[in-house]
Amino acid sequence: MFSRISHKMILTFLLVSVIPISIAGIYSINLATDSFQSLTLEYTQMDLSSSAEEIYDFINYNKSDMTFLSKSPALRDYFLARATHSQSEIERWKGLLEEHFLIFCESRSIYEKVSYIDEDGNMVVSVEGDGASFEVNSDIIENFSTQQFFIETMKLNEDQAFITAASASSTKKTTLVTYAVPVFDEFERRRGIIYSTMSAEYFLKPLNESILVDEPIKKGSSLFLISNTNVYLTHRVGEEMDSGSIVEIASLVLSGREDITSGRSGTIADLQNWIITYTPIFFDQNDTEEFLVLVEVMEKAAVFSKVETFSDAFLILITSAIFISILAAIIITQTITKPLKELIAGTKRIAKKELSFQVKNPSDDEFGFLANSFNDMAKELEIAYSELEDKVKQRTIRLQLANEKLRALIKELKEANEKTKEASKLKSQFIANMSHELRTPLNSIIGFTDVLLDDENLDEEQKDYLKTILKNSESLLQLINDILDLSKIEANKMEIVYQKVKVEELLRRVHKLMAPLVAEKSIYISYECLPNLEIYVDKSKLRQIMINLLTNAIKFNKISGKVKTTVSYLNEEMDAVKFEVWDSGIGIQEKNFEAIFDEFQQIDGTETRDYQGTGLGLAISKKYVEMMGGTIWVNSVYGQWSKFSFILPVSPGEKDNDIQ
Ligand code: ADP
């Protein structure tokens with residue numbers, strides 16, 4: 001699918017741009033969402049904590065109100081009256097105390113009820129009101145000695161307070177927060193408690209004052225206070241928040257009571273529509289049973305609307321980046337591949353021998369350079385091709401001419417060859433005839449010279465002349481015989497006649513023939529041969545070979561030299577026999593080892609010049625040996641000895657290859 005460069009480039013482009021952009025984009029969105037969410041929550045939490053602190057300060061402030069009241073001089077005066085004065089006097093001081101309590105309530109205007117209960121649990125003074133107007137209500141005789149708040153408060157030390165939000169008002173459906181502090185007289189004796197109640201709603205006062213409703217993030221969010229029994233709403237209650245939802249949220253927060261009683265603030269973020277943050281507020285740090293919880297509920301959609309806007313913007317950004325990348329990839333790829341495609345089309349046309357093809361309108365860039373080079377190359381190719389065609393034509397013509405000449409030459413050569421064959425045939429014929437014609441008179445000369453030499457009337461000088469005639473005639477006859485043999489061999493008229501030959505007998509006869517020559521030079525001649533060695537060869541030819549080699553061995557030997565012939569089997573298979581003729585003569589230089597076997601070859605040295613001969617003996621011997629399937633060669637140390645060796649198969653049936 002991605003075999004073409006354009007596809008590969010687009011794919012690469014997408015890989016290197018789109019994937020990193022997408023990863024970075026998604027990562028950034030997630031990161032932004034997360035940090036925005038945690039920032040919002042952190043901010044809300046901080047906000048909530050500072051509000052909680054304000055409430056806590058408010059509680060403490062009220063507590064110190066009570067402590068202040070418990071130490072008021074009016075109360076001390078009342079105690080004094082009780083100890084020393086009459087009942088009417090006591091009533092007067094009580095009236096003053098009631099006045100004091102009334103002024104206090106009116107000045108603070110947050111308490112619903114402020115009372116003094118004596119050490120026996122009897123209510124002495126009580127001021128009640130609705131925050132706006134107050135009245136003394138001390139005539140009701142009420143005993144609180146069994147009430148829990150009384151018992152608990154009576155156990156407290158100075159500066160300690162009993163605060164609870166649990167006691168509900170009988171008339172109003174609202175939680176009343178109770179403050180109670182112990183009262184001591186100047187002698188540090190317990191003289192009862194100061195007891196006050198106020199609607200828990202007053203706790204919202206500092207909150208309502210401090211709410212920054214302008215904060216955009218807080219728009220649509222709700223802030224409220226939960227006690228054990230009730231929920232107090234601040235001014236900030238979102239439109240979406242109905243009473244059912246509030247109750248649901250309150251119970252949800254309180255269900256995490258353990259978290260709250262350990263004083264921890266928290267967040268519930270896994271709801272569908274809301275994010276809830278809460279902070280517990282304790283009346284007394286040491287009492288974790290009595291608490292309020294400040295709760296802030298934010299609409300998820302409102303919180304994340306900004307993030308979503310950001311994400312949407314980012315998503316659009318990423319999509320456009322990807323789109324632009326793809327577009328850029330396509331444009332760049334097109335820019336690069338278009339000239340390449342043209343070049344490829346060009347190469348195809350040139351391959352079809354359209355050598356005049358040129359790439360049109362090359363650009364100024366590297367591709368243009370490539371296209372120009374391509375055009376130059378095509379032009380040069382066209383020129384070279386046409387030149388080549390011319391040359392081929394010329395060469396073809398020359399070749400045809402040369403062929404014709406060659407044919408004529410071959411014809412001439414054939415004719416010449418025919419003529420040579422004819423001439424050779426005639427030469428052999430002529431030599432055979434001539435030899436015959438020469439041998440007849442020569443034999444007569446030799447015969448008559450021999451007869452004349454027997455004449456006793458001849459003097460020594462005449463005898464010498466006759467001997468010279470005889471010797472030269474014999475040499476001439478030998479030469480003629482040799483030439484005749486050679487021409488027969490060349491004319492393929494020499495035939496081999498195989499017969500059983502007893503080698504030792506043959507050697508004996510040949511050595512006997514050598515006797516006059518040996519005697520002439522006092523040569524010591526000997527032979528060695530297996531007694532019953534028999535081979536199948538042409539007897540006369542073997543005889544002729546042996547005569548030739550022995551004649552040479554004696555001829556080129558010194559006076560009193562040695563000649564030794566050895567015949568033995570070549571190997572264990574006994575299928576060939578090796579003949580060796582050794583002499584202690586003048587020897588042969590290595591460079592002449594081969595030449596001496598050629599016809600009419602005599603070594604051109606002063607020494608050999610002295611010896612008579614025709615230069616045909618070795619040539620004929622070599623031909624005979626080879627005709628019988630053997631080989632012949634020489635070894636020598638110049639000036640010391642020579643050894644001529646030849647091998648013949650035991651019978652003509654033996655393979656040539658077996659002969660070494
Ligand atoms: P020829 O003996 O008639 O000259 P050959 O063909 O028999 O011709 O020998 C060729 C040459 O080889 C000789 O002329 C001689 O120079 C050399 N030659 C042959 N046999 C011997 C030998 N036994 N010792 C030294 N030289 C030899």
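Both ligands and their constituent atoms are indexed starting at 1 by order of listing.
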Tell me, yes or no, whether the heavy-atom count around [X] atom [atom1], taken from other residues, nucleotides or ligands under 6.0 Å, exceeds 12.
| X | atom1 | result |
| --- | --- | --- |
| Y569 | OH | yes |
| K341 | NZ | yes |
| Q499 | CD | yes |
| D455 | CG | yes |

Distance under 4.0 Å to a non-hydrogen atom of [X]: what atoms of ligand 1 satisfy this?
| X | value |
| --- | --- |
| K555 | 1 (P), 2 (O), 3 (O) |
| I586 | 25 (C) |
| L616 | 6 (O), 8 (O) |
| G617 | 5 (P), 6 (O), 7 (O) |
| I596 | 12 (O) |

- Query: Between K463 (side chain) and E456 (backbone), is there a donor-acceptor pair under 3.5 Å?
  - Reply: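 Here the side-chain-to-backbone pair does not exist.
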
- Task: Output yes when K539 and E505 qualify as a salt bridge under the 4.0 Å nitrogen-oxygen rule, no when they do not.
- Result: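 Looking at K539 and E505, the cut-off is not met.
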
Quick check on [X] - does any of its heavy atoms sit under 4.0 Å from an atom of ligand 1?
| X | result |
| --- | --- |
| S642 | yes |
| N548 | no |
| F644 | yes |

- Decide whether D390 and Q394 meet the rule of one side-chain donor and one side-chain acceptor closer than 3.5 Å.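 Checked: D390/Q394 side chains show no N/O donor-acceptor pair below 3.5 Å.
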
- Task: Could you tell me whether N592 approaches ligand 1 through its side chain, its backbone, both or neither, with non-hydrogen atoms closer than 4.0 Å?
- Result: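 No part of N592 is near ligand 1 at this cut-off.
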
